[in-house]
Amino acid sequence: MNSERNYPAAVISDKCRKRISSGHPWIYDNEIVSLDGTPEDGSLVDILTEKNRFVGTGFYNSASKIRVRIISRNANDVFDDTFWRRRVKYAYDYRKTVMAPEELSCCRLIFGEADFFPGLTVDRFSELLSVQILSLGIEKNKDVILHALLDVLNEDGQYINGIFLRNDVKIRTLEGMEEEKGWYWYRGETPPSAMTRITENGIIYNVDVENGQKTGFFLDQKRNRAAAASIAAGRNVMDCCTHTGSFALNAAKGGAAHVTAVDVSASAIANARANAELNGLSDRISFETADVFEFLQSRIEAHDRSYDYIILDPPAFTKSRKTVGNAKNGYLELNTLAMRLLPRGGYLATCSCSHFMTEQLFREMLDNAAHAAGVSLRQIEFRQQCADHPILSCAEETNYLKFFLFQIV
């Protein structure tokens with residue numbers, strides 16, 4: 001290890017060492033055996049084993065259960081502006097490799113730990129960047145990181161007009177930070193709203209970066225929407241939990257005979273209807289403001305056999321391990337209802353966006369749902385999140401989205 005390092009040392013337990021050595025970037029509060037002094041929250045500490053071997057360097061935060069978030073495993077790294085710019089360019093070059101050129105105007109540029117920026121999300125929506133910061137160390141370095149990102153994009157001819165902060169999430173308080181929402185930077189006079197327009201899979205959306213869910217729009221299903229659309233031609237489709245109408249719009253553009261888009265939120269339905277009008281697809285999509293469980297049950301009770309393709313894209317039913325059981329029951333009920341409603345030979349697209357609902361648990365649930373509905377499933381395809389949301393193999397938290405296409409047989 002470089003002998004000139006001046007960071008306080010955090011010594012971790014041997015059990016922690018085994019997990020961290022595999023590449024996981026988090027060290028929890030009960031995994032630190034000893035600590036030099038009292039490091040400032042949000043500052044850097046070196047991580048050592050009990051045998052005094054260097055493991056990495058990370059952001060320390062005494063207010064968080066995740067006591068240290070690793071940003072480097074190289075003892076020779078110097079954490080200056082050049083370091084962060086190199087990291088930003090590395091993340092952007094990855095996107096240029098895995099995304100088509102036309103996708104770069106609408107994609108996730110930084111995906112937290114998977115890009116070695118713990119707690120940082122940056123989504124690009126045309127000329128606007130939507131930024132969410134969930135770790136104190138990144139918060140203290142945001143000026144350097146965000147200006148480096150602007151520079152890297154500008155050098156590649158990518159024009160950015162503004163950066164909007166979506167730090168209106170409660171988890172920030174667990175890190176000792178305040179919630180906030182507003183413009184970080186804008187080129188020229190700040191506009192009255194953070195509305196912008198994007199094109200994804202050839203479909204146009206108005207995106208409210210300020211008030212939309214998460215960072216404004218869910219980009220992770222981009223290619224799954226295209227996959228769902230690829231089998232929609234001529235079918236009568238029901239899109240459950242339609243939100244912005246993205247799956248419904250893709251299905252309609254893919255040639256569906258008709259699409260019924262269902263969501264419990266009246267504002268979501270209004271947004272989806274506006275997006276349908278924007279794309280000239282209003283004549284092929286109808287909208288229902290209803291609880292999707294109740295809507296599916298009502299169609300079953302009415303002996304409605306007109307739907308031959310159902311898409312299920314519900315919000316995460318669980319955000320902790322404690323509630324996985326309840327979530328599994330929710331997924332089971334929803335999928336069973338859809339399978340009961342579909343005819344033999346019909347098609348089902350079904351998703352889960354919670355990493356706590358693992359692929360194994362989700363597959364088990366689907367088997368149970370098929371058994372309860374008295375059908376069998378013929379798998380067409382299994383997919384995960386889009387490539388701009390990379391999965392870090394050693395960090396299960398980055399592996400969260402499951403997307404299945406089935407035929408009911």
Side-chain angles (χ1 to χ4, degrees), residues 7-50 54-73 79 110-122 131-142 145 165-180 214-215 315-327 353-358 361 389 391-400:
Y7 302 117
V11 178
I12 58 174
S13 67
D14 191 57
K15 182 179 180 181
C16 176
R17 176 194 61 79
K18 293 176 181 177
R19 179 171 58 82
I20 296 302
S21 294
S22 71
H24 199 283
W26 294 350
I27 297 171
Y28 294 96
D29 54 353
N30 61 356
E31 295 178 323
I32 294 179
V33 175
S34 66
L35 181 66
D36 285 349
T38 308
E40 179 183 345
D41 287 341
S43 67
L44 292 169
V45 296
D46 278 339
I47 304 137
L48 306 179
T49 69
E50 293 183 270
F54 176 81
V55 175
T57 304
F59 290 126
Y60 175 85
N61 191 350
S62 65
S64 174
K65 282 194 172 182
I66 304 174
R67 194 55 48 93
V68 182
R69 297 172 186 261
I70 298 175
I71 63 168
S72 169
R73 296 171 188 271
F79 304 102
I110 295 178
F111 183 40
E113 279 73 0
D115 285 306
F116 312 106
F117 287 91
L120 175 63
T121 297
V122 180
V131 175
Q132 190 169 85
I133 300 170
L134 303 181
S135 75
L136 184 58
I138 293 292
E139 177 72 27
K140 290 191 171 186
N141 289 272
K142 68 182 178 184
I145 295 169
L165 296 178
R166 282 302 306 267
N167 292 332
D168 51 334
V169 284
K170 290 183 178 180
I171 194 171
R172 276 177 62 92
T173 63
L174 302 178
E175 293 282 319
M177 298 181 288
E178 294 182 356
E179 294 184 45
E180 62 175 350
K214 299 287 187 178
T215 59
F317 286 162
T318 178
K319 294 184 179 181
S320 74
R321 283 191 172 84
K322 295 179 181 178
T323 57
V324 166
N326 291 336
C353 59
S354 171
H355 87 265
F356 295 105
M357 188 69 179
T358 63
L361 287 174
H389 297 62
I391 296 170
L392 198 61
S393 62
C394 54
E396 63 177 13
E397 295 82 4
T398 63
N399 184 2
Y400 68 96

S.K.: May I ask you to test the V122-F117 pair for a side-chain heavy-atom distance under 4.5 Å?
M.R.: no
S.K.: Would a 4.5 Å heavy-atom cut-off, applied to side chains only, mark D41 and Y60 as touching?
M.R.: yes
S.K.: Can you check whether N61 reaches I66 side chain to side chain, under 4.5 Å on heavy atoms?
M.R.: no
S.K.: So if I apply the salt bridge (Lys or Arg N to Asp or Glu O under 4.0 Å) rule between E31 and each of K15, R19, R67, which one comes out positive?
M.R.: R19
S.K.: Got a donor-acceptor contact below 3.5 angstrom from the T173 side chain to the K170 backbone?
M.R.: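 At least one qualifying donor-acceptor pair exists.
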S.K.: So for atom CD1, which belongs to I32, do other residues, nucleotides or ligands contribute more than 12 heavy atoms lying within a distance under 6.0 Å?
M.R.: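 Buried by this count: over 12 neighbours within 6.0 Å.
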S.K.: Quick check: does any side chain N or O of N399 sit under 3.5 Å from a backbone N or O of I391, one acting as donor and the other as acceptor?
M.R.: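 Side chain of N399 to backbone of I391: no pair is present.
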S.K.: How would you list, by chain and number, every residue that makes a salt bridge (charged side-chain N to carboxylate O under 4.0 Å, His left out) with E396, sequence neighbours excluded?
M.R.: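 E396 satisfies salt bridge (charged side-chain N to carboxylate O under 4.0 Å, His left out) with R321 only.
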S.K.: Is there a side-chain contact (heavy atoms from CB on, under 4.5 Å) between F59 and N141? Walk through the geometry before answering.
M.R.: CA-CA 11 Å; F59 290 126; N141 289 272; 3.6 Å; yes
S.K.: Is there side-chain contact between P8 and P39, with at least one heavy-atom pair below 4.5 Å?
M.R.: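 Heavy-atom side-chain distance check passes, below 4.5 Å.
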S.K.: Do L44 and I71 have side chains that approach each other closer than 4.5 Å (heavy atoms only, starting at C-beta)?
M.R.: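 Contact flag for L44/I71 side chains = yes.
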S.K.: Apply the test side-chain contact (heavy atoms from CB on, under 4.5 Å) to residues E175 and L134: give CA-CA distance (whole Å), side-chain angles for both, the deciding distance (0.1 Å), then the verdict.
M.R.: CA-CA 7 Å; E175 293 282 319; L134 303 181; 5.7 Å; no
S.K.: Taking N167 for the side chain and E180 for the main chain, is one N or O donor matched with an acceptor at less than 3.5 Å?
M.R.: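 Absent.
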S.K.: Look at the side chain of R172 and the backbone N and O of E178, then say whether any donor-acceptor pair between them is shorter than 3.5 Å.
M.R.: yes
S.K.: Measuring from atom CD1 of I12 to atom CD1 of I20, what distance do you get when rounded to the nearest 0.5 angstrom?
M.R.: 6.0 Å
S.K.: Of all the heavy-atom pairs spanning K142 and L165, show the shortest one and how long it is.
M.R.: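 Result for this residue pair: NZ-CD1, 4.2 Å.
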S.K.: Among all residues two or more places apart in sequence or in another chain, which pass the salt bridge (charged side-chain N to carboxylate O under 4.0 Å, His left out) test with K140?
M.R.: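 In terms of salt bridge (charged side-chain N to carboxylate O under 4.0 Å, His left out), with neighbours along the sequence ignored, K140 is linked to E40.
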S.K.: Taking all non-hydrogen atoms of both residues into account, name the closest pair between L136 and G42 and its distance.
M.R.: CD2-N, 3.7 Å
S.K.: Do NZ/NE/NH1/NH2 and the carboxylate oxygens of R69 and E113 come within less than 4.0 Å?
M.R.: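 The answer is yes: the pair qualifies as a salt bridge.
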S.K.: Taking all heavy atoms of T398 and all of L392, pick out the closest pair and write down the distance.
M.R.: OG1-N, 2.8 Å
